[in-house]
Amino acid sequence: MAESRTEKLDPSRGVRITDSLTNEKVPFVPLEPGRVRMYVCGLTVYDDAHIGHARTYVSFDVIRRYLEYKGFDVRYVQNITDVEDKIIKAAEKAGVSHLEHSRKYTQRALGDLARIGIRDPDAFCKVTDHMDDIVALIEEIIENGLAYVSDSGSVYFDVAKKEGYGKLSNRSVKEMLAGARVEPDPEKRNPADFALWKAAKPDEPHWESPWGKGRPGWHIECSAMSERLLGQPFDLHGGGRDLIFPHHENEIAQSEAAKGTDFAKYWLHTGFLNVEGEKMSKSLGNFITVRELLERHAADAVRYFYVLTHWRSPIDFSEKGITEAAAALERLTRTREELDKRVSGHEQPVDRYLAVANAASDAEKRLFEATERFLSVFTAAMDDDFNTPEAVAALHAFAGDLRKALSDNGHVHKALWAYAHDAFIRAGRVLTLFQDAPAEAAGDKTLDAVMQALLKIRQEARERKDWATSDAIRDRLAEVGIEVQDEKTGATWRRAS
RNA sequence: GGGGGGAUGACAGAGAGGCUAUGUGGCGGACUGCAGAUCCGCACACUCGGGUUCAAAUCCCGAUCCCCCCUCCA
C-alpha cells in the first residue's frame, strides 16, 4: 500500500499531528467537532522571558492560528505560574515580597512576548487565582487513594498506585529508581513520589488547606486550571520538550487519578533552542532575553527565523541566522507591498467565484491558477504536522509567481488581485508574518508629497546627467531610512525595513 | 545505565522509494549612468559500509559521529 507524496499531503485528509504520547503522526480529531481546546504550559514568572520561551510560544501561536484558519473554534489557555521555589528565591535575592516579584515579571514577560508579536492566548490563568481549585483537586486524589499526607502536612502522589505512570515519558517507575538520582526522602513512601502540596516552611508564602499552611507542588496547578478552564479531557496540551518529564507525566497522573478520565487527547512538545551551537544557560553567559533581542532585531525577522524550523526540531539561534531571515523576509515584504498597491481601491469582498468569473485573459488565468496551487500546497504543508518550513517555501514560490504577474503587462481584473492578495496575506498571517502595517506611503500623504517633489528634482538632475546631485539625493534619503529605486516607469520610494 | 532525536549543497532548512524544495550567500548574464529591486542561468547535497528493489537521500541491517532528557528549566 504505497502512498505517494501527493496522497500523503491530500488536504482532505485534514490535520495530522505528531503526538508525544505515541510518538506517531496521527490524524487530529477534536473531541468536539469544530472546537479545539488547547492548553500550553506558560511562564514561571521569576525572570524576564527569553528567546527559548519565545520559540515555544511562537510555535503554539502558529498552531493556534492555523487551526483557526482551518475553521476551528479554538480556545487557547496558558498558565502563569506565580507560586514556585524559584520565585521565592529570586524575590528573596531582590529583597522584595514574593507577590511583588511575580507581579513585576508577569507584566514584563507578557509584555515582551506581546512585543515580539505573539498573540495572547484567549485566557491566562494564575496559580494564585486558583488555590481553591488546586486544594479541591488534591482532595479528590486523596479520596481516590492515590495520594497521602505526610507528618509535616505535605501531600504526596503515590506513584506506585498509578497504573500507566510513565506512559508519556516512556519509562517505568522501576527504571526511574534505577537512575538513582532521586534522593530518598523519609517523608515519601517511594522516592519517585512527588509533592501535590508542600507544607510551608517559616517565612514562605503560604495558603490555608485541610493539611495546614502550605503551597501547591509544581505540577498540580496545570491539572487544576486546565480542568477549570477547558474541562477534562481537552484536545491539545503543549509545552517545551523538557516538560515531558516530570511535569507533564505528573499532570497526567494527577488528573487521571482525580477524575478517572483521560487528561489531554494529544501532546505537543516543541524542540529546544540553542545559541550559536551551545545550550543556552546563564552560566555560559549566552542567555538572551526577548528584551535584549528586540533591541537588536526586528520582531518580524525573529518570528520568520523561528518559523523556518519545524516546531519539534531543535533550533540554533544565531545572529547570522536572524540576518539571513531578515533578508529572506524582505523579499516577501516587497512582494506584499507591490500586491497591496494592486488591490488598493478594490472594495468588493474577496470571493473565489468572482475571481473565477473574471479570469478571462491568459494573465488572469495564470494568476488564478498560481493562487489555487499555492493554497493547496500551503494547506497540505500545514496539515502535515504544521510544517512551517514547507509553508514558507510555498509562500516564496507563490511570491515568485506574483512578481511575474506584477511585471506582466496584460490586464488583470482587480478581483483576481484581491483573491491572490488575500491568499498571500492570510497564509502569511498564519505564519505570524505580515502583522505590521504596510511600510508604504498610503497613510502619510504629506510625506509622499514631499517625496514626489524630491524625486522630481532628482529626475531633472538625471535628465541633465548630473549624477552627483542625483546620487546625493538618493544617498541622503538612504541615511534617513528611505530607499529610492529607479524603475522603468520612474522612481519609487519606500521605507527601508 | 535507561529513554528519545539527529547527520541533506558554502550556510540555514524541508522532503521520505522514481518528480531531485525554499531561502541566504557565491558566480555569470539581462535591465541600469551607477546602485537597488527584479528576471534568466550556473555551481555546490543527501555521514560511511552492506542489503532489499527495475529504481534508495528516502526502506532494512551494521558502523561512526552529534544533540537532548532521566535534576530547576519553554
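The shown structure was predicted, so the numbers you read here are calculated from the model rather than taken from an experiment. Order of the sequence lines sets the chain letters (A, B, ...), proteins ahead of strands, with each chain counted from 1.
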Kindly confirm whether the side-chain ring of A:F272 is stacked on the base of B:A74, judged by centres under 5.5 Å and planes under 30°.
yes
Using a 4.0 Å heavy-atom cut-off across all strands, classify A:I244 as base, sugar-phosphate, or nothing.
nothing
Any idea which of B:G36, B:A14, B:G4 is nearest the A:S313 side chain?
B:A14
With heavy atoms under 4.0 Å as the rule, sort A:R474 into base, sugar-phosphate or nothing.
base
Side-chain N or O of A:K404 less than 4.0 angstrom from OP1 or OP2 on B:C40?
yes
Indicate, with a heavy-atom threshold strictly under 4.0 Å, whether A:G238 touches base, sugar-phosphate, or nothing.
nothing
Using atom C1' in both nucleotides, what's the gap between B:C54 and B:C67 to the nearest angstrom?
39 Å
May I ask you to evaluate whether A:R403 reaches the phosphate of B:C39, defined as a side-chain N or O under 4.0 Å from OP1 or OP2?
yes
Of the candidate nucleotides B:C72, B:A12, B:A74, which contains the atom at the shortest distance from the side chain of A:E84?
B:C72
With a 4.0 Å cut-off on heavy atoms, is A:R462 in touch with a base, just the backbone sugar-phosphate, or nothing at all?
base
Quick check for you: among B:A74, B:C11, B:U24, whose closest atom lies nearest to any side-chain atom of A:A327?
B:U24
Within the 4.0 Å heavy-atom criterion, would you say A:A393 contacts the bases, only the backbone, or no part of the nucleic acid?
base
Nearest to the side chain of A:T56, which nucleotide is it out of B:A74, B:G4, B:G33?
B:A74
Side chain of A:F245 only, please: which of B:A14, B:C31, B:C70 is the nearest?
B:C70
Classify the nucleic acid contact of A:G321 as base, sugar-phosphate or nothing, counting any heavy atom under 4.0 Å across all strands shown.
nothing
Distance in angstrom units between A:W267 CH2 and B:A74 P, rounded:
15 Å
Base, sugar-phosphate or nothing for A:V484? Non-hydrogen atoms, less than 4.0 Å.
base
Look at all strands and tell whether A:S169 reaches a base, only sugar-phosphate, or nothing, counting heavy atoms closer than 4.0 Å.
sugar-phosphate
Run A:L268 and A:W311 through side chain to side chain contact (heavy atoms under 4.5 Å, CB included) and show every step you take.
CA-CA 9 Å; A:L268 312 183; A:W311 58 277; 3.8 Å; yes
Any sub-3.5 Å donor-acceptor pair from A:N274's side-chain atoms to A:G277's backbone N or O?
no
Any side-chain donor-acceptor pair under 3.5 Å between A:H269 and A:S20?
yes
If you measure from the P atom in B:A16 to the same atom in B:C11, how many Å do you get, rounded?
23 Å
Quick one: label A:K86 by what it contacts on the DNA or RNA (base, sugar-phosphate, nothing), any heavy atom closer than 4.0 Å.
base
Between A:L43 and A:A399, just flag the one whose closest nucleotide in RNA chain B comes earlier from the 5' side.
A:A399
Using a cut-off of less than 4.0 Å, is there contact between a side-chain N or O of A:K488 and OP1 or OP2 of B:G36?
no
Of all the nucleotides listed (B:C34, B:A12, B:G5), which has the minimum atom distance to the side chain of A:D486?
B:C34
Distance, rounded to the nearest Å, where A:L395 contributes CG and B:U22 contributes C1'
11 Å
A:R334 side chain: which of B:A74, B:G13, B:A37 is closest?
B:A37
Using whole Å, report how far CG of A:N250 lies from P of B:U71.
11 Å
For B:G4, does either OP1 or OP2 sit under 4.0 Å from a side-chain N or O belonging to A:N170?
yes
Looking only at B:G36, B:G4, B:G23, the nucleotide nearest the A:Q485 side chain is B:G36
Indicate whether OP1 or OP2 belonging to B:U38 is found under 4.0 Å from a side-chain N or O atom of A:R331.
yes
Please report, rounded to the nearest Å, how far the P atom of B:C34 is from the CG atom of A:D475.
16 Å
When we call it a touch if two heavy atoms are under 4.0 Å apart, what does A:H310 touch: a base, just sugar-phosphate, or nothing?
sugar-phosphate
Going by heavy atoms in the side chains, are A:Y156 and A:W197 under 4.5 Å from each other?
no
Taking only the side-chain heavy atoms of A:T309 (C-beta and beyond), determine which of B:A37, B:A14, B:C72 contains the nearest atom.
B:A14
Just call it for A:F305: base, sugar-phosphate, or nothing, with non-hydrogen atoms closer than 4.0 Å on any strand.
nothing
Which one, B:A74, B:A14, B:C34, comes nearest to the side chain of A:D471?
B:C34
Can you spot which of A:Y39, A:W267, A:F263 makes a ring-ring contact (aromatic ring centres under 6.0 Å, His included) with A:H248?
A:W267
On RNA chain B, does the nearest nucleotide to A:R171 precede the nearest nucleotide to A:K25 from the 5' side, or the other way round? Give the residue.
A:K25
According to the interplanar angle, ranging from 0 to 90°, do the rings of A:Y69 and A:F378 count as parallel (below 30°), tilted (30 to 60°) or perpendicular (above 60°)?
perpendicular
Tell me whether A:E460 at atom CD has more than 12 heavy atoms from other residues, nucleotides or ligands lying less than 6.0 Å away.
yes
